[in-house]
Each structure stands twice: as structure tokens, then as C-alpha cells.
Amino acid sequence: MALSTRGTPFRSRRTGRRLAADAGLLALAAAFALPLAWVVLSALDAHAGLTVKVPDGVTLANFDAVLKPDITFTPMLNSLILCGGGTLLTVVCAALAAYPLSRFRSRLNRPFLLTILFATSLPITAIMVPVYALFVRVNLIDTMQGTIFFFAASQLPFAIWLMKNFMDGVPKELEEAAWTDGASSFQSLVRIVLPLMGPGVAVVTVFSFVMMWGNFFVPFMLLLTPDQMPASVSINEFFGNRGMVVYGQLAAFSVIYSTPVLLLYVLIARRLGGGFALGGAVKG
Amino acid sequence: MGTKVAPPRRGGLLRSLTRALPLAPAVVLLLLFLAGPIAYCAYIAFTDLQLTGQAHSSFVGLDNFRTAFKDDAFRNAVWLTLVFTVLSSLVGQNTLGLALASLMQRASKPVRTLVGGIVITAWVLPEVVAGFLLYAFFRREGTLNAILDWLHLPSQNWMFTLPILAVSFANVWRGTAFSMLVYSAALNEIPKEITEAAEVDGAGGWRRLWHITLPMIRRSIGTNLMLNTLQTLSVFGLIWVMTRGGPGNRSQTLPLFMYEQAFQKSMIGYGTAVALLLLVVGSLFSVVYMRLLRTEV
């Protein structure tokens with residue numbers, strides 16, 4: 001009895017607070033949602049302008065207009081090649097590099113990991129001018145492979161850091177058994193460690209891909225030929241060369257271009273968003 | 001190769017090398033494409049390298065830096081970078097992220113999921129798309145003015161009157177999710193008993209925040225501020241898409257100034273000097289960030 005009389009006002013105060021929190025959050029979310037609403041509604045609107053408005057009639061004409069080789073397919077394919085290549089290189093190199101760092105003790109581990117951690121937070125934007133100058137010298141400017149290499153290098157520090165943290169979570173005993181059976185380190189990495197840290201590898205892969213997919217400055221600087229431009233750069237064309245901006249088409253293209261990364265993010269959201277928030281890089 | 005893990009013995013050098021072998025591809029990539037450009041950056045910042053006539057650039061010592069500090073446009077860019085960073089990352093993303101995270105602690109689950117989803121979508125969207133969305137939002141014919149009209153408040157051409165505020169707001173819109181995630185994780189780690197005990201003792205919301213919550217998550221605050229600042233220092237695409245640094249140079253932060261000097265004015269040496277300064281500032285922040293994480297490695 002005593003408990004319930006004490007409990008009731010306490011609980012109702014709690015409910016009140018929850019409602020207040022809900023209301024506050026929804027108000028903030030509405031502010032965040034407005035620009036997002038614009039892109040979705042305009043993509044479906046034949047007469048889209050710059051203001052959020054519900055279209056008179058839903059139409060897919062904007063999508064029809066942009067789903068053409070030169071506007072959508074080529075840039076998206078270029079994005080896929082650049083980011084796919086960059087991600088593959090990043091993940092393979094990071095997995096290999098993380099193995100000795102996680103498995104063997106060495107006096108070099110700590111300085112190496114500290115250097116990597118230092119590099120994860122350098123402003124990469126700052127080095128794009130020298131990278132451009134360097135790429136001109138070594139004839140890598142305007143090449144897909146050059147851009148892929150740079151993408152991979154810029155993503156590697158974080159990928160190694162993340163990969164090493166995931167690898168530390170795989171118990172060593174399993175491998176030791178394999179080693180006594182005569183497996184090499186490489187075999188135990190590929191057959192035992194990596195499969196056991198599958199979700200971790202997925203996080204590194206998706207995260208690297210998403211970062212590269214959205215990156216504008218790197219391909220903007222390193223690629224010159226229009227045919228090679230990824231979607232992040234070609235989207236500029238809607239403003240520049242095509243004369244009047246057709247906002248509906250721009251919105252439709254934005255939706256197409258953003259969808260893959262949103263879907264991929266949803267795939268790994270739970271691991272990224274949960275208590276672990278980006279693999280210990282921000283633990284504190 | 002790989003035998004059982006044993007303490008290092010004589011002749012262990014060969015084995016150490018074999019063990020370190022998997023590091024090679026990553027190290028080569030990092031040296032060639034990251035350390036190389038940084039070293040090259042430190043070199044050409046002291047030359048008068050230009051886009052035209054690459055062949056004969058000469059060493060000019062500290063001239064580029066002297067020019068920079070005398071250059072009004074450079075000082076303007078430093079000032080705007082400062083404004084942009086303080087407004088969008090220190091004040092905006094950080095405070096709003098904390099507010100969202102703490103509201104989420106109390107909110108009901110469906111609201112939490114919905115709001116988290118919206119805020120994170122803004123974060124995951126490609127930089128250029130985010131730029132366009134906010135461009136549409138702030139334009140004269142855009143959504144913000146439509147709302148102001150509807151409320152009978154004076155509307156204005158935001159991108160012309162307050163361009164740095166518009167791009168800062170855009171960066172808040174885009175970057176807040178990160179702080180929200182960091183702070184949600186940190187708040188979840190505070191034991192419930194502590195806040196409840198304070199509540200029973202009659203501590204109000206602000207006092208609890210000031211005396212309990214903030215001290216308990218101070219390490220997260222440190223790392224978050226550091227990472228936000230580093231992120232914000234290197235924002236290029238967002239501002240480029242929204243304003244190109246203009247009108248005039250009223251939203252030209254250091255990365256855009258660097259780009260303009262190096263490519264539109266063809267002074268790679270000068271542009272790189274600016275880049276080097278940016279890199280040095282970033283490195284300082286990076287070192288502080290590592291100190292905050294000291295116990296982790």
C-alpha cells in the first residue's frame with residue numbers, strides 16, 4: 001500500500017516527462033525532416049520548385065528523365081568502380097595489417113597504432129592540393145586507379161584501427177589449435193579469424209564504402225574527364241552546363257544517388273549506433 | 001612461418017619480419033599516398049610552384065606564409081573558419097547532439113526510433129546532396145522563407161545576407177547525428193541509480209545535468225568536440241555546393257581559400273602553404289585527441 005501511494009505520483013511525473021521529451025524530440029525532428037521532405041516530394045513533383053510542397057499529382061517523370069546513360073548510369077557505375085575498388089583495397093590491406101597488430105606482441109605495435117590513430121583524424125582536405133601536384137608528376141592524375149589508391153590510403157588508418165579492435169574480440173585459443181595442426185598464420189586468418197569476425201568485416205566494408213561514395217573533393221580534384229566522374233561530382237552538372245536547373249530532376253537524381261548508402265547504412269546501423277559507436281575510435 | 005606463440009628468442013629478427021609482412025601492403029599504400037603527399041606538402045609550401053610552368057619553381061622560404069599573414073583574404077578565411085567551427089561544431093552539433101541524446105533517454109521508443117532515423121539520414125546522405133538540400137532550404141524562394149512568410153516574419157535572402165550562418169547551419173544539420181550517437185552511448189553508461197538518487201534528493205534537471213551528467217561524460221565530451229572540430233575544419237563540398245565561398249568571399253573558409261589560390265589563381269605553392277597551416281592545426285587537435293584516448297592503446 002505504502003509503495004503504491006508513493007509510486008503513483010512518481011510514475012505520472014515520469015509519464016509527463018516522457019510526453020514532454022517526445023514533444024521536444026518531434027519538434028527538433030521536424031526541423032531536420034524539412035530538407036529531406038523537399039527532396040522526396042520534389043522528386044515526385046512535375047512542377048518542383050525550391051519550397052517544400054505536396055505535389056498536385058505524383059509522377060515518375062523526373063526519374064524517367066534522369067535514368068539515362070549519361071546522366072545516371074555512367075556516373076553511378078563510375079562511383080561503383082571507384083568506391084568498390086577503393087573499399088576492396090582498403091578492407092584487404094586493413095585485414096592483413098590488423099592481424100599481426102592483434103596477434104603478435106611487438107615493440108612496434110604501439111607506435112604504429114598511435115601513428116594510425118593520429119592519421120585517422122588528420123584533415124585530408126588539406127592535402128588535396130599537394131596530392132594533385134604529386135599526381136600530375138607521376139601521371140596518375142585523371143586515372144581511376146590513382147583515385148582508387150588515394151581513396152584506399154585515406155580510409156586505411158580508420159579501417160585498420162576498426163579492424164584491429166574487432167579482431168581483438170576473436171579468442172586466440174581457436175587459432176592456436178589450428179597452428180598446432182600446422183596451419184600457417186595466413187590460413188588461420190582467412191579460415192578462422194575473418195569468418196569469426198564477419199560482422200566486424202562487414203562494418204569496415206560498409207563504412208569505407210559509404211565514406212567514399214559520399215566523398216566529393218577527392219574525385220573532384222583527381223579526375224578531369226567528364227566520362228570518369230562519379231555521381232558525387234556529376235551532380236554538379238545539374239547546375240552548370242544544363243542551363244536552367246530542373247529541380248525535380250535534381251531531386252530525383254539525389255534520391256537515386258543516396259539510396260545505396262542509406263540501405264547499406266541500415267544494414268550495419270545496429271553495430272555502429274549501439275554502445276560501441278564507431279569501434280572505439282570515440283570511446284571515452 | 002607461424003608456429004606457436006613463444007617468447008622472442010635469439011634469431012627472432014627473421015621471424016619478427018615474417019610476422020610483420022602482412023603489414024606491408026597497408027604501409028606501402030600509406031607511405032605512397034598519405035605520408036608522401038604530406039611530405040610533399042611540407043616541401044612545396046616553401047616554393048613558388050605554379051600551375052603553369054611546373055618546370056622551374058624555386059625555393060622561397062617563408063615567403064608564402066608571410067604573404068598569407070599579410071593577405072586580407074587569408075585573414076578573412078581564418079576568421080570565417082573560426083566562426084564556422086565554433087558555430088557549427090562547438091555550439092551547434094555538440095549542444096544539439098547532447099540535447100537530442102538526453103531527450104531520447106526519456107522519450108518513448110517509437111519516437112526515439114523515428115527521430116534517430118531522421119537525424120541519422122541527414123548524416124549518412126552524401127555531402128553534395130546534403131549541400132543541395134540545404135541550398136534549397138535557404139534560397140530566397142526556399143522553404144525557410146516560406147515558413148517565415150507564413151508566420152508573417154520578415155524573410156530575406158539568407159545566402160546573401162548571412163552566408164556563413166547558412167553554411168554553419170547546414171553543417172549542424174548534417175553533423176549532429178554523430179554527437180547524438182556518441183552522447184547516447186555515453187549517457188547509457190551512467191548507472192541509473194546515481195541519477196535516481198539525485199532525483200530523490202531533490203536535485204532539479206539543470207543541477208543534475210551540471211553536477212552529475214556532464215562530469216560523468218566529460219571524456220566523451222572531449223573526444224566528441226575534438227572529432228567534430230577536425231571534421232568541420234575539413235568541410236569543403238558542403239560549402240562549395242551551397243555558396244562556392246561567396247558571395248564575394250563571405251563564406252570562404254580555409255579549404256575553399258586554399259582551393260581558390262591553388263587552382264583558380266594557379267598559385268599551388270601559396271595554396272599549399274595554407275594547406276600546411278590547416279594540416280598543422282589539424283595535427284594539434286589530433287594530438288590532443290590522442291591524449292584523451294591515451295589509455296586505449
Side-chain angles (χ1 to χ4, degrees), chain A residues 17-18 21-22 24-26 28-29 32-36 38-39 49-52 93 96-97 99-100 104 106 110 113-114 117-118 121-127 129-131 133-134 149-150 152-153 156 160 179 184-185 213-214 216-217 232 235 254 257-258 261-262 265 273 275 277 282 284, chain B residues 1-2 4 19-20 22-23 25-26 29-30 33-34 37-38 40-41 44 103 106-108 111 115 118-119 121-122 124-129 132-134 136-137 139 141-143 146 181-182 185 188 219-220 223 230 233-234 236-237 255 258 262 268 271-272 275 278-279 282 286 289-290 297:
Chain A
R17 248 193 351 218
R18 187 167 70 219
D22 282 357
L25 274 182
L26 287 173
L28 283 174
F32 272 90
L34 275 174
L36 292 173
W38 175 78
V39 75
L50 279 167
T51 316
V52 178
C93 291
L96 286 172
Y99 188 73
F104 305 123
S106 157
R110 199 180 140 81
L113 280 169
L114 283 175
L117 184 60
F118 175 71
S121 27
L122 283 181
I124 296 297
T125 305
I127 62 167
V129 174
V131 168
L134 202 62
F149 282 135
F150 185 74
L156 251 180
I160 294 177
W179 288 343
S184 70
S185 305
W213 188 266
F216 163 75
F217 202 28
S232 57
I235 193 170
S254 300
Y257 165 46
S258 309
V261 285
L262 288 173
Y265 183 81
V282 290
Chain B
M1 227 170 118
K4 279 183 75 170
R19 281 179 169 179
L23 278 168
L29 265 181
L30 287 173
F33 293 96
L34 216 55
I38 290 175
Y40 195 49
C41 177
I44 48 179
L103 281 175
R106 283 178 232 149
S108 59
V111 173
V115 176
I118 292 172
V119 176
T121 303
V124 181
L125 279 188
E127 193 178 15
V128 183
V129 173
F132 280 132
L133 296 194
L134 273 301
F137 186 76
R139 276 297 297 247
E141 322 81 275
T143 305
L181 290 174
V182 171
N188 276 331
R219 269 168 58 95
S220 296
T223 28
L230 283 162
L233 271 183
S234 53
F236 180 88
M258 164 194 97
I268 298 227
T272 308
L278 199 61
L279 206 58
S286 193
Y289 165 60
M290 282 167 63
V297 186

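It should be emphasised that the depicted structure is a prediction, and the values quoted were computed from it without experimental measurement. Every chain is numbered from 1, with letters handed out A, B, ... down the list of sequences.
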Measure from the side-chain N and O atoms of [X] to the backbone N and O of [Y], and report whether any donor-acceptor pair falls under 3.5 Å.
X: B:Ser234; Y: A:Thr125; answer: no
X: B:Ser286; Y: B:Gly282; answer: no
X: A:Trp213; Y: A:Ser232; answer: no

Quick one: of [options], who has the most non-hydrogen atom pairs under 4.5 Å with chain A?
options: B:Val124, B:Leu279, B:Thr272, B:Leu34; result: B:Val124
options: B:Ala146, B:Gly142, B:Pro25; result: B:Gly142
options: B:Leu125, B:Leu134, B:Ile118, B:Leu233; result: B:Ile118

Part of [X] lying under 4.5 Å from any heavy atom of chain B:
X: A:Phe118; result: both
X: A:Ser254; result: both
X: A:Leu28; result: side chain
X: A:Leu134; result: both

Go through [options] and name the one with the most non-hydrogen pairs under 4.5 angstrom from chain B.
options: A:Leu156, A:Val131, A:Leu34, A:Ile160; answer: A:Leu156
options: A:Gly24, A:Pro123, A:Gly49, A:Ala152; answer: A:Pro123
options: A:Ile235, A:Leu122, A:Ile124; answer: A:Ile235
options: A:Ala29, A:Ala33, A:Ala97, A:Ser106; answer: A:Ala97
options: A:Ala126, A:Ala153, A:Gly214; answer: A:Ala126

**Fill in**
Sequence neighbours excluded, the answer for ring-ring contact (aromatic ring centres under 6.0 Å, His included) partners of A:Phe150 is none
**Heavy-atom pair of closest approach, residues B:Ala275 and B:Met258** = CB-SD, 3.5 Å
**Minimum-distance pair of heavy atoms, taken over all atoms of A:Ala21 and B:Arg106** = CB-CB, 3.9 Å
**pair B:Phe236-A:Phe216: side-chain heavy atoms closer than 4.5 Å** = yes
**Request:** Just do the side chain to side chain contact (heavy atoms under 4.5 Å, CB included) check on B:Thr121 and A:Tyr265 with the steps written out, would you?
**Result:** CA-CA 9 Å; B:Thr121 303; A:Tyr265 183 81; over 6 Å; no
